[in-house]
Amino acid sequence: VATAGHVDHGKSALVRALTGIEPDRWEEERRRGMTIGLGFAWTTLSSGADVAFVDVPGHDRFVPTMLSGVGPVPAVLLVVAADEGWSAQTEEHVGALNALGTTHCLVAVTKSDLGSPEPVAADVLDRLRATSLAAQGQPPWVGVSAKEGRGLEELRLALDRLLDGISEAPTDGPVRLWIDRAFSVTGAGTVVTGTLTSGTLAVGDGLVVAATGRPVTVRALHSENRRVEQVTPVRRVAVNLRGVTAPELRRGVALMTPGWLTPDTVDVTAAHPLPDWVASGAVTAHVGAASVVAHGRRLGDRAVRLALPGGLPLRVTDRLLLRDPGRRAVVGVDVVDVMPDPHRRRGDAARTAATLSAGPDPDLVVDRRGAVSAATLRAAGYRRDPVRAALIGEWWCGTEQLAAWAAALARVVSASPAGTVPEETARQQLGIPDHAVLAVVAARSGQPIGRGVIGRHDGAESPALQALVQRLGADPLDVPDGEALAGLGLSAAELSRACTDGRLVSLARGVYAGPAVIDRAVAVLAGLPSPFTTSQARQALGISRRVVVPLLEFLDRQHLTRRDPEDRRALRSSVVTSD
Ligand SMILES: Nc1nc2c(ncn2[C@@H]2O[C@H](COP(=O)(O)OP(=O)(O)OP(=O)(O)O)[C@@H](O)[C@H]2O)c(=O)[nH]1
Ligand SMILES: [Mg+2]
């Protein structure tokens, strides 16, 4: 739970009264009677639940520190003094929490010994009504006096209920720990602290320092001053690290499991039209415990492209806070794209803004890049798979890209005097990501692939094979049945070589079609209602049941068709448009 509220309203005194731990850790803070850095304290509630506090400063000069404290924390204790009521930084802190979208809130009206808490509470709750803090209903409030100890029991019960309402954080998945302190301890070395919000940290884990890419190892873990072997969210955690010195780390640097993207450009959108200042020069962007200088460029009414200094692990759906320190203004924006393409032509920005309004869309990434690894899409934070692309091995490939590669491969092979090209040469020349994708591209282009080369081999062939190749060349679906095929007296080796060479296509064992089978099938099936049944396909293609089933299964394997649980099929949409 993070505290929030105006300077001197009693946040630290309340945390101290609840936990017995002094949150103002610095001599200077105690001398000036003011919080400057973040404070940390914890206690056990009557239910047995642990609660940890991140105590923030209220002074207007320390709003960035306040934001780094509340950024990763799921709930807030909003402190308002009974003698002063709603004040400037109450307003500013609530504005920031609202922009962050914080929903879990408990209001403490402190210094109840100096004034009546009821009217202050009524005013505060009224002002919270239109904010995210009241999105799940009016927040509970408690009148307290840290000085006299009044209301603390009631506050503890209210905290218990507040924690109850916070949904469990996932204990699996990637970790991104925003560092809020880094220091060294004699004998132990480098220690950082932060709030673990998702995933699990365990002793021995290998992590990466986001800002530098430096690999580090978890040497020891502490939570609430106790040594532990592993920590699950949501918890305060101190991580003793091997492989890095404390001066290389600081507040706002993230410690993460390998695999995060650290983009230097992201596209963000807001629920409301964005003010002009977000796209006119430098703004401060806050995320987690980090605050960086970003440069915004407007894409549309509610969309901005942000240039970031890099080294921030970000993914789609992350909420960022943009702040103009001069205006003391803040807005919340959501990351929609962490891999945007540079804009080159007039109108690109407006087109991008239009696509962003639909939210994060992995198909757009595949469309732009042609092919994207499944790991990259996961790291980017998409919660669904692309629907217009085919997953081939580890790669999502756009159908248009596959068609372009197939055409390019045919050119490369036919331009080669030998009639064949080594697989690896073709793969590199076309920029195809891996061998599995290359095999599909070769099949698409009707090029035989095998024994490390793509293209046709010369070799003697029997008149029977020539006749079969000719027959299927004239009509790729004039598939001989088992008896007719046996009658030709072709050896298994001969048939298999003809398939490798692309002169025949093996739909299934003993079922051979002509090289043009894909083009023919797609052209005919595109004319059917979608989805279509096996029997509709059979009639439209004018073939027997013996041939249609292996044919459709072959098309499934080529990622040209998609089968539904009722055994109906649809052509993948971009197959149709690209034809
Ligand atoms: N009478 C009375 N005084 C209080 C109470 N709570 C805090 N104080 C006093 O108010 C002053 C400010 O308290 P803090 O807890 O430092 O206030 P804060 O909100 O943490 O201030 P910043 O961290 O600087 O924003 C101190 O002198 C406290 O002793 C209370 O319930 N009653
Ligand atoms: Mg304080």
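One-based numbering, in listed order, for ligands and for the atoms of each.
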Check your understanding: Nearest protein heavy-atom contact for atom 23 (O) of ligand 1: which residue, which atom, what distance?
Key -> T35 OG1, 2.7 Å

**Study point:** Geometric N/O contact S112 with ligand 1, under 3.5 angstrom
**Key:** no

Check your understanding: Tell me, which protein residue and heavy-atom name are nearest atom 31 (O) of ligand 1, and how many Å apart are they?
Key -> A146 N, 2.8 Å

**Study point:** Over 12 foreign heavy atoms within 6.0 Å of CZ, R319
**Key:** yes

Check your understanding: atom 2 (C) of ligand 1: which protein heavy atom is closest, and how many Å away?
Key -> D113 OD2, 3.5 Å

Exercise for review: Can you sort out which atoms of ligand 1 are near S12, meaning under 4.0 Å from one of its heavy atoms?
Suggested key: 15 (O), 18 (P), 20 (O), 23 (O)

Check your understanding: At what distance is the nearest protein heavy atom to atom 15 (O) of ligand 1, and which residue and atom is it?
Key -> A13 N, 2.7 Å

Practice item. For ligand 1, find out whether one of its N or O atoms is nearer than 3.5 Å to an N or O atom of V144. Key: no

Study note, to complete from the structure: Only residue of L241, L201, V175 satisfying side-chain contact (heavy atoms from CB on, under 4.5 Å) with L255 is L241

Exercise for review: May I ask you to check whether R323 and S291 show a side-chain donor-acceptor distance below 3.5 Å?
Suggested key: no

Revision key, fill the gap. If you scan protein heavy atoms around atom 18 (P) of ligand 1, the nearest is K11 N, 3.4 Å

**Study point:** Enclosure of R383 CZ (heavy-atom neighbours >12, cutoff 6.0 Å)
**Key:** no

Point to revise | Metal site the Mg ion (ligand 2): N/O/S of T3 inside 2.8 Å | key: no

Check your understanding: Can you tell me if S12 has an N, O or S atom under 2.8 Å away from the Mg ion (ligand 2)?
Key -> yes

Check your understanding: Picking from V231, L196, T232, what satisfies side-chain contact (heavy atoms from CB on, under 4.5 Å) with T171?
Key -> T232

**Study point:** Pair R298-D276, side chain to side chain contact (heavy atoms under 4.5 Å, CB included): steps then yes or no
**Key:** CA-CA 8 Å; R298 186 176 285 279; D276 281 337; 3.5 Å; yes

Review point. What closest approach, in Å, do G194 and L177 show between heavy atoms, and which atom pair accounts for it?
Key: C-CD1, 3.8 Å

Revision key, fill the gap. min-distance protein heavy atom vs atom 16 (O) of ligand 1 -> G33 O, 4.0 Å

**Study point:** Heavy-atom nearest option to atom 22 (P) of ligand 1, drawn from D83, T3, D8
**Key:** D8

Check your understanding: Looking at E28, E27, E29, which hits salt bridge (Lys or Arg N to Asp or Glu O under 4.0 Å) with R31?
Key -> E27

Point to revise | Within-cutoff protein neighbour (heavy atom, under 4.0 Å) for atom 28 (C) of ligand 1 | key: no

Study note, to complete from the structure: For K147, the atoms of ligand 1 under 4.0 Å from one of its heavy atoms are 1 (N), 2 (C), 30 (C), 31 (O), 32 (N)

Study note, to complete from the structure: The option among K111, E148, M34, H9 carrying the non-hydrogen atom nearest to atom 11 (C) of ligand 1 is K111

Check your understanding: Between T190 and V216, does a side chain to side chain contact (heavy atoms under 4.5 Å, CB included) hold up when you go through it step by step?
Key -> CA-CA 11 Å; T190 307; V216 293; over 6 Å; no

Revision key, fill the gap. When distances are taken from atom 14 (P) of ligand 1, the protein heavy atom at minimum range is G10 CA, 3.8 Å

Check your understanding: Does one side chain, of T269 or D334, offer a donor that lies under 3.5 Å from an acceptor on the other?
Key -> no

